[in-house]
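Everything on this sheet refers to the single structure shown next.
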There are 2 protein chains.
Amino acid sequence: MRIGELAARTGVAPRLLRYYEEQGLLKPGRSANGYREYDEALVERVRQIRSLLASGLSTRTIRTVLPCLLDGQFHVRDAAPQTLAALEREYRQLVERVECLSRSRDAVGAYLGAVRALTGAGAGA
Amino acid sequence: MRIGELAARTGVAPRLLRYYEEQGLLKPGRSANGYREYDEALVERVRQIRSLLASGLSTRTIRTVLPCLLDGQFHVRDAAPQTLAALEREYRQLVERVECLSRSRDAVGAYLGAVRALTGAGAGA
DNA sequence: CTTGACTCTCACACCGGTGTGAGAGTTCGA
DNA sequence: TCGAACTCTCACACCGGTGTGAGAGTCAAG
């Protein structure tokens, strides 16, 4: 599919799809006329990129992490030791972030629960 | 304590501490000479802010969420309905993010596990 | 009193992710 | 064949978080 369709299906502006390509996150083929040609699988990939970006990871980090996230298709061979070390760091930060966010989530949840209890639980759960 | 000490103890530049104040995340007192005076408890608070920022939350969001994170001291009375609605939204986004980040964490973790298994587990766990 | 470390405010600048427009080429249906 | 809609590249601009510097005030130690 071309960039417009991918944009429509992912809700991500063409501008950004080009940007992600520039950052090495996407590698669409090219038609004879120069148009980008996107594989079906890239729909999911774009969603993943968006998720990771929203979670505070940089495109640089995502470029490192993304190859590992293609459902179980680990291509371990081409993993340079430096890449692995970086990945270990990212993993630790990911763990930290999940913990921090989980705590925040629980705190906010507890607060909302308390408010509902006190105000007669008017809010739709 | 003054801004320099807080910066030293949190590893956060004075510039940023002022910025967080400007964004309504911190409200230090002022000495007679105009210097900011930080309460001991703000050390922890600054760390929390940093974590949330690193997790992709905006200062605006953090400003909404932060009051609920001060260990159980819910001041429910002054909760305007709009604030609560906003908080509900933030909560849902928090849940989403935790899920997204958890997936990424697990994927990276699985990858690292696979690599260790194949390369003789040289990495220090 | 002087000096140096610290603080204040203000302002410009960087970077990364994103928006937007210009100008030119391609595709496709009316 | 014409025009609308799409694509391309390039470039400037915005915004949020951050760095950095200028110019001035505060304060403690020598």
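Any value given below was found using the heavy atoms of this structure, including those in side chains, with hydrogens, waters and symmetry copies removed. In what follows, chains are A, B, ... by sequence order, proteins preceding strands, each numbered from 1.
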- Does B:R105 reach the side chain of A:R97, with side-chain heavy atoms less than 4.5 Å apart? no
- Message: Heavy atoms only, 4.0 Å cut-off, all strands: where does B:R50 land among base, sugar-phosphate and nothing?
- Response: sugar-phosphate
- Note on the structure: Rounded to whole Å, CD of B:E21 lies from P of C:dC8 at a distance of 8 Å
- Item | Min side-chain heavy-atom separation B:V115-A:L87 under 4.5 Å | no
- Query: Does a side-chain N or O from A:R36 land closer than 4.0 Å to OP1 or OP2 of D:dC8, or not?
  - Reply: yes
- Item | For atom CG of A:L16 and atom P of C:dG16, their distance in whole Å | 16 Å
- Message: Using OP1 and OP2 only, check whether a side-chain N or O of B:T59 sits under 4.0 Å from D:dG16.
- Response: no
- Message: For the OG1 atom of A:T10 and the CZ atom of A:R50, what is their distance to the nearest 0.5 Å?
- Response: 8.5 Å
- To the nearest angstrom, the CG-C1' distance between A:L17 and C:dG19 comes to 14 Å
- Task: For D:dT9, take OP1 and OP2 only and decide whether either is under 4.0 Å from a side-chain N or O of A:R30.
- Result: yes
- Distance, rounded to the nearest Å, where A:Q23 contributes CD and C:dT18 contributes C1': 12 Å
- Message: Under 4.0 Å from OP1 or OP2 of C:dG25: is there any side-chain N or O of A:N33 that close?
- Response: no
- If you take atom types as modelled and just measure distance, does the side chain of B:R2 reach the base of C:dT7 with a donor-acceptor pair under 3.5 Å? no
- note: B:L25, atom CG; D:dG16, atom P; distance rounded to Å ~ 14 Å
- Query: If you check every side-chain atom of B:R15, which of C:dG25, D:dG19, C:dT18 has the closest atom?
  - Reply: D:dG19
- Message: I need the CD-P distance between B:E37 and D:dT26, as an integer number of Å.
- Response: 17 Å
- Give a yes or no on whether a donor-acceptor pair under 3.5 Å exists between the nucleobase atoms of D:dT9, that is its base, and the side chain of A:R18. no
- Message: Taking atom types as they are modelled, would you say the side chain of A:Y20 forms a donor-acceptor pair with the base of C:dG17 within the 3.5 Å cutoff?
- Response: no
- Message: Between C1' on C:dC6 and CG on B:L6, what's the gap in Å once rounded to a whole number?
- Response: 15 Å
- Assign each of B:Y35 and A:Y38 to its nearest nucleotide of DNA chain D by heavy atoms, then name whichever residue's nucleotide is nearer the 5' end. A:Y38
- Item | Atom of B:E37, atom of B:S31 and distance for their closest heavy-atom approach | OE1-OG, 3.5 Å
- Query: To the nearest Å, how far apart are B:E22 CD and C:dC8 P?
  - Reply: 13 Å
- Message: Classify B:R60 by what it touches in the nucleic acid, base, sugar-phosphate, or nothing, heavy-atom distance under 4.0 Å.
- Response: nothing
- Message: Just by distance, no angles: are the side chains of B:Y38 and B:R45 close enough, under 3.5 Å, to form a donor-acceptor pair?
- Response: no
- Message: Using a distance-only criterion (donor-acceptor N/O pair, under 3.5 Å, no hydrogens), is the base of D:dG16 paired with the side chain of B:Y19?
- Response: no
